[in-house]
Amino acid sequence: MFSVPTEPRNFNLSVASSKSIRASWFRPLKFNGVFKHYVVMYGTASSKLDKRLETKDTVYVIRDLEEFTEYFVQVYAETSVSGTPSNIE
């Protein structure tokens, strides 16, 4: 049985445009299993990250966001189990 992946390292957000955010991170120190993908969660409240995206890359541009709106983003790795999430930025 596998344990959870450790959290992605150096999670960072930057503004890509007025309607997009660039999220980037370094891979976890330990996947503790066979890596499937990263999950990027985001939303307009830190307590409600209700949008989910999947990627195999360590950079993702979240597009088609509403202008003048604050967003919160979190990322974690998935193997056969969900990993430890990053901080919410």
Side-chain angles (χ1 to χ4, degrees):
M1 181 183 234
F2 296 116
S3 60
V4 300
T6 58
E7 74 179 74
R9 298 172 295 130
N10 296 359
F11 180 52
N12 184 49
L13 298 176
S14 59
V15 175
S17 75
S18 63
K19 292 186 173 189
S20 61
I21 297 170
R22 180 183 184 270
S24 62
W25 57 91
F26 293 131
R27 58 170 281 185
L29 288 176
K30 295 182 180 180
F31 283 115
N32 295 321
V34 178
F35 173 71
K36 287 174 30 181
H37 52 251
Y38 294 104
V39 175
V40 180
M41 300 290 297
Y42 71 98
T44 56
S46 61
S47 61
K48 189 178 179 198
L49 303 178
D50 56 353
K51 305 281 191 282
R52 176 187 166 107
L53 305 165
E54 295 177 0
T55 182
K56 293 199 177 199
D57 297 321
T58 57
V59 175
Y60 194 93
V61 178
I62 305 167
R63 301 179 191 283
D64 301 321
L65 302 173
E66 290 185 41
E67 290 182 303
F68 309 110
T69 303
E70 183 175 30
Y71 284 87
F72 297 87
V73 183
Q74 184 177 60
V75 66
Y76 59 90
E78 277 193 341
T79 57
S80 58
V81 293
S82 294
T84 306
S86 67
N87 290 332
I88 297 174
E89 297 288 331

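Predicted model, so just to flag it, every value in this text is computed and none were measured.
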Handout entry: side-chain contact (heavy atoms from CB on, under 4.5 Å) between Val39 and Leu53, worked out
Key = CA-CA 6 Å; Val39 175; Leu53 305 165; over 6 Å; no
Fill in the blank from the handout: Taken to the nearest 0.5 Å, the spacing of Lys30 NZ from Glu7 CD works out to 14.0 Å
Practice task
Determine whether Val40 and Val75 make a side-chain contact, defined as any pair of heavy atoms from C-beta on separated by less than 4.5 Å.
Solution key: yes
Completion exercise
Tightest non-hydrogen contact, residues Ser80 and Lys36, listed as N-CD, 4.3 Å
Handout entry: Contact check, side chains of Met41 and Phe72, non-hydrogen atoms, under 4.5 Å
Key = no
Handout entry: Beyond-backbone contact of Asn32 with Val4, side-chain heavy atoms, under 4.5 angstrom
Key = no
Exercise for the section: Might you confirm whether atom CD of Glu67 has over 12 heavy atoms from other residues, nucleotides or ligands at distances under 6.0 Å? Expected result: yes
Problem - Side chain to side chain, Pro28 and Tyr38, heavy atoms closer than 4.5 Å - result: yes
Problem - Side-chain heavy-atom pair Tyr71, Ile21 within 4.5 angstrom cut-off - result: yes
Problem - Heavy-atom donor-acceptor pair, Ser47 side chain to Ala45 backbone, under 3.5 Å - result: no
Problem - Nearest-0.5 Å distance that lies between atom CD in Glu70 and atom OG in Ser46 - result: 8.5 Å
Exercise for the section: Go through the steps to decide whether Val73 and Leu13 satisfy the test side-chain contact (heavy atoms from CB on, under 4.5 Å), and finish with yes or no. Expected result: CA-CA 8 Å; Val73 183; Leu13 298 176; 3.9 Å; yes
Exercise for the section: Give the minimum heavy-atom separation between Ser3 and Val81, together with the two atoms involved. Expected result: O-CG2, 3.7 Å
Completion exercise
Closest non-hydrogen contact found for Ser24 with Val59 is CB-CG2, 4.0 Å
Completion exercise
CD1 of Ile62 to NZ of Lys19, rounded to nearest 0.5 Å, is 15.5 Å
Exercise for the section: For Trp25 and Asp57, work out which heavy atoms get closest and say how close. Expected result: CZ2-O, 3.1 Å
Problem - Charged N-O contact under 4.0 Å between Arg52 and Glu78 - result: yes
Practice task
Looking only at non-hydrogen atoms, find the nearest pair between Val61 and Ser20 and report the distance.
Solution key: CG1-CB, 3.9 Å
Problem - Shortest non-hydrogen contact from Pro8 toward Ala77 - result: CG-N, 4.3 Å
Exercise for the section: Would you indicate whether the side-chain heavy atoms of Arg27 and Arg9 approach each other to under 4.5 Å? Expected result: yes
